[in-house]
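As the structure lists them, so they are numbered: ligands from 1, and atoms in each ligand from 1. If you're wondering where the values come from, they're calculated on a predicted model, not measured in any experiment.
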Amino acid sequence: MKTVHNFNAGPCVLPKQAIESAINAIRDFDNTGIGILEISHRTPGWERIMAETEQLWRDLLNIPEEYAVIFLGGGASTQFFEVPANLLKHKAAYLQTGVWAKKAAKEAKFYGEVDIVASSEDKTYSYIPKNYTIPTDADYFHITTNNTIYGTEIHTDMDCPVKLVADMSSDIMSRPVDVTKYAMIYGGAQKNVGPAGVTFVIVRKDILGQMERPVQTMVDYRTHIGDEPRNNSMFNTPPVFPIFVMHETLKWVKELGGLEAMYKINKEKAELLYNEIDRNSMFVGTAAKEDRSLMNVCFIMTEEHKDKEAAFMAFAKERGMIGIKGHRSVGGFRASIYNACPVESVQALVDCMKEFEAMNK
Ligand SMILES: *Cc1c(COP(=O)(O)O)cnc(C)c1O
C-alpha cells in the first residue's frame, strides 16, 4: 500500500491500534463469537465497554462527579439546538468565531434572544475577538474553542460570569481542560476521539431541569443520564460501533500518558509546521499568530506565488499528502493535525514545502 499522510479535517486519521481493535471486534467481540456490529447493546460485555468509555473520559479530563458524561447521536450540529432547548430561558450570548459558531447561534434563536457579543467575520474569522463584555443576565455564553475551518483556537479556559458552554468538536482531548470552568462541553467525535456517529456531552447536572417550556424526551439531557452513576446513554440504542472505536482511541491517549503528554506532542507537531510556514518564502499563515490552532493549520501562497497553488497541490498529492485543500472560504491549504496524525506526516508535509521552494528558486 502506498504511504499516505492523512490531513483530512474530519472524519480523519485515527490511531492504528484503534483500527486494528475495531477490525478484530467486527469479527468477534469479547470472545462472544458474535461481532460488535451484531451484538445486543444489553450484552454484559457491551455494558462494560460503555462504563469504561465513560471512565476514560472522566480520567483523561478529570471530570468531577457533578458532571454527567453522555454519548448521543446527531453530531455536534444537533447540539446546536439541544443546548438552547435545555438551557435557554430568555437570552443567550454567543461568540461568533466561525461558521460553526454562527450556525449554533442561529439555532438558539428558535428558543429566545441571542446576543452576539463579538464576531471576527469582518476578517474571515482569522482571529479570536478579545475585548467584549458577556452580559450577566444571559442564561449561558457559548464559545467554539477551535475553529476548524479557519485554524484559530481559544487556548485557555476562560473565567465566565455566566454558564460557559463550549463546542469542543475539534480540539477535545488535545490538551488538558479545566472542566470546572464549563457548565457544558460537547462535540462530534470525528475529529479527535473517534469515527463519525457519536457525540459527546459533558454537562453539570445541577443546571438541568430548570425550563418552564416542555423539552422533548430525547432532547432532554436528563433522559440520557441514568440513575446509576455508570448507567448513562442507554435510554435508546447507543451508536455501539463508534463508541467502541472511541473507547479504543481514548485507551491509546491514556497509554501515551494522558492529556499532558498529548498536549506536548501536539505543540511539537504544530510548531514544526508553523515554523516552516513562517520560514518558507512561498507560504504565509492565515490566522493571527497568537490565536493559531494546534489542530488545523491554515496557510496560503504569498501574493508573488499565488499562481503556483495548483502546482503545489499536485506536487504534494504526488508525495502522498491527502486532504490539504483549504476550505473554500479561506482558500489555500489546511492541514488538520489532530491527535492521531503522526509527527512523520507533519514532517513529510514540511519536507514537501521545502522541496517545492527549492524547485522554484
Ligand atoms: C465539524 C464541526 C461541527 C459539526 O459537527 P457534526 O458532528 O458534523 O455536526 C461543529 N463544530 C465544530 C467546531 C466542528 O469542527
Side-chain angles (χ1 to χ4, degrees), residues 6-14 70-85 92 94-108 116 119-121 124-129 140-155 157-158 164-175 177 182 184-202 218-219 233 238-239 241-243 245-246 249 266 270 286-287 291-298 323 325-330 334-341:
N6 183 354
F7 297 102
N8 279 326
C12 54
V13 62
L14 287 169
I70 52 178
F71 308 121
L72 308 171
S77 302
T78 296
Q79 294 312 308
F80 293 168
F81 73 83
E82 291 199 358
V83 166
Y94 278 71
L95 184 63
Q96 195 176 304
T97 51
V99 295
W100 293 120
K102 192 174 185 174
K103 284 179 180 173
K106 179 179 173 220
E107 298 306 307
I116 307 291
S119 168
S120 47
E121 193 171 14
T124 328
Y125 300 115
S126 58
Y127 68 101
I128 303 286
Y140 62 87
F141 179 48
H142 181 282
I143 59 171
T144 310
T145 50
N146 186 68
N147 299 283
T148 323
I149 294 173
Y150 315 92
T152 64
E153 186 171 10
I154 298 172
H155 296 285
D157 304 308
M158 64 174 78
L164 182 60
V165 176
D167 172 358
M168 290 198 188
S169 293
S170 54
D171 65 350
I172 190 74
M173 298 286 181
S174 67
R175 66 169 177 94
V177 166
Y182 301 84
M184 183 178 155
I185 296 169
Y186 70 88
Q190 68 272 22
K191 280 124 189 179
N192 240 354
V193 289
V198 58
T199 310
F200 57 87
V201 169
I202 302 164
M218 276 297 284
V219 174
S233 313
F241 187 60
I243 292 173
V245 183
M246 181 162 76
T249 303
N266 285 331
T286 56
D291 300 324
R292 280 175 163 180
S293 167
L294 296 187
M295 299 282 100
N296 312 94
V297 179
C298 297
K325 192 171 170 52
H327 189 269
R328 64 187 181 290
S329 60
V330 181
R334 169 178 54 174
S336 297
I337 54 171
Y338 299 117
N339 284 357
C341 173

- Kindly indicate, with the supporting measurements, whether the criterion side-chain hydrogen bond (donor to acceptor under 3.5 Å, both in side chains) is fulfilled by N147 and T97. CA-CA 7 Å; N147 299 283; T97 51; 2.8 Å; yes

- Item | Atom indices of ligand 1 within 4.0 angstrom of G75 heavy atoms, with elements |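 Close to G75: 7 (O), 9 (O).
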
- Which pair of non-hydrogen atoms, one from I243 and one from P238, has the smallest distance, and what is that distance? CD1-CB, 3.9 Å

- Task: Search all heavy atoms of T124 against all heavy atoms of S329 and return the closest pair with its distance.
- Result: CG2-O, 3.5 Å

- Across all chains, not counting sequence neighbours, the side chain to side chain contact (heavy atoms under 4.5 Å, CB included) partners of E107 are F80, F81, F110

- Query: Which is closest to atom 14 (C) of ligand 1 by heavy-atom distance: M168, K191, Q79, K103?
  - Reply: K191

Among all protein non-hydrogen atoms, which one is nearest to [atom], and what is the separation to 0.1 Å?
| atom | answer |
| --- | --- |
| atom 5 (O) of ligand 1 | A76 CB, 3.5 Å |
| atom 15 (O) of ligand 1 | T148 OG1, 2.4 Å |
| atom 11 (N) of ligand 1 | D167 OD2, 2.6 Å |

Just checking, any donor-acceptor pair under 3.5 angstrom between side chains of [X] and [Y]?
| X | Y | value |
| --- | --- | --- |
| N146 | S170 | yes |
| N296 | Y338 | yes |
| D171 | T145 | yes |

Mind checking whether [X] contacts ligand 1 via backbone (N, CA, C, O), side chain (CB onward), both or neither, at a 4.0 Å heavy-atom cut-off?
| X | answer |
| --- | --- |
| F80 | side chain |
| S77 | both |
| N146 | backbone |

- N/O to N/O below 3.5 Å, does that happen between T144 and ligand 1? no

- Message: With a cutoff of 4.0 Å, is Q190 in contact with ligand 1, counting heavy atoms of the residue only?
- Response: yes

